[in-house]
A.B. asks: 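Below: one structure in structure tokens.
Starting from 1, each residue takes its place in the sequence as its number. Numbering of ligands and ligand atoms starts at 1, following listing order.
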Amino acid sequence: MSKIVMVYLSNTGNTEEMSNQVQKGIEEAGGEVDVFAASDADVEKVYEYDTIVLGCPACGTEELDEEYMEPLMQALEEKGLEEKKIALFGSYDWGGGEYMDTWRTRVEDVKGTLVAEPVIVEGEPDEVVDQCIALGKACV
Ligand SMILES: Cc1cc2nc3c(=O)[nH]c(=O)nc-3n(C[C@H](O)[C@H](O)[C@H](O)COP(=O)(O)O)c2cc1C
């Protein structure tokens, strides 16, 4: 079974709640996942996994969190994602999820394979609980 890691960042809890549901999906499908807050994630360690699940809300102006997630993403881009399966999720507010389109393109540009469509939601994740669980299951 492939090794799965999830790294997420959440300022007000929405993306964190999504991460809980993604984890639930992974575990329901019989998988195991190691979960790290982005502030605790070491890129070398993250790169050891076959499947990398990343969660981040829209920050800045349609950007990833600049302190932790953006540096992690840049490091992964430098390494390349050719051998990796990737899942993306996150919450946004006023931007319609534009940041996720950019994030997805960055993954695809370095040959990462998305396990499923990214899951995004405006604000709280109640309406995408099932999608988050399905995303988790697609990782296994
Ligand atoms: C400093 C800051 C910048 C933000 N920038 C954006 C943005 O560019 N586009 C957007 O749709 N939402 C933006 N948001 C809204 C958050 O993405 C939204 O509130 C999200 O639900 C937060 O998720 P979290 O609870 O996981 O932190 C921003 C919020 C903050 C505090």
A.B. asks: Under 3.5 Å between some N or O of ligand 1 and some N or O of G13?
C.D. replies: yes
A.B. asks: Using distance alone, determine whether G60 and ligand 1 share an N or O pair under 3.5 Å.
C.D. replies: yes
A.B. asks: Identify the protein heavy atom lying closest to atom 17 (O) of ligand 1, giving its residue, its atom name and the separation to 0.1 Å.
C.D. replies: A58 O, 2.6 Å
A.B. asks: Are E44 and K79 close enough for a salt bridge, meaning some N to O gap below 4.0 Å?
C.D. replies: yes
A.B. asks: Backbone or side chain, does any N or O of E16 fall under 3.5 Å from an N or O of ligand 1?
C.D. replies: no
A.B. asks: Kindly state if atom 30 (C) of ligand 1 has a protein heavy atom within a strict 4.0 Å cut-off, that is, under 4.0 Å?
C.D. replies: no
A.B. asks: Verify the contact flag for atom 22 (C) of ligand 1, where contact means a protein heavy atom under 4.0 Å away.
C.D. replies: yes
A.B. asks: Can you tell me if E77 has over 12 outside heavy atoms packed within less than 6.0 Å of its CD?
C.D. replies: yes
A.B. asks: If only side-chain N and O atoms count, and only distance matters, is there a donor-acceptor pair under 3.5 Å linking Q74 with E78?
C.D. replies: no
A.B. asks: Relative to ligand 1, is T12 under 4.0 angstrom through side chain, backbone, both or neither, heavy atoms considered?
C.D. replies: both
A.B. asks: List ligand 1 atoms under 4.0 Å from S10, heavy atoms only on the residue side.
C.D. replies: 24 (P), 25 (O), 26 (O), 27 (O)
A.B. asks: Could you tell me whether D93 and ligand 1 have an N or O pair separated by under 3.5 Å?
C.D. replies: yes
A.B. asks: Would you mind listing which atoms of ligand 1 come within a distance below 4.0 Å of any non-hydrogen atom of G95?
C.D. replies: 10 (C), 11 (O)
A.B. asks: Pick, from Y99, Y92, W94, the option with the minimum heavy-atom distance to atom 6 (C) of ligand 1.
C.D. replies: W94
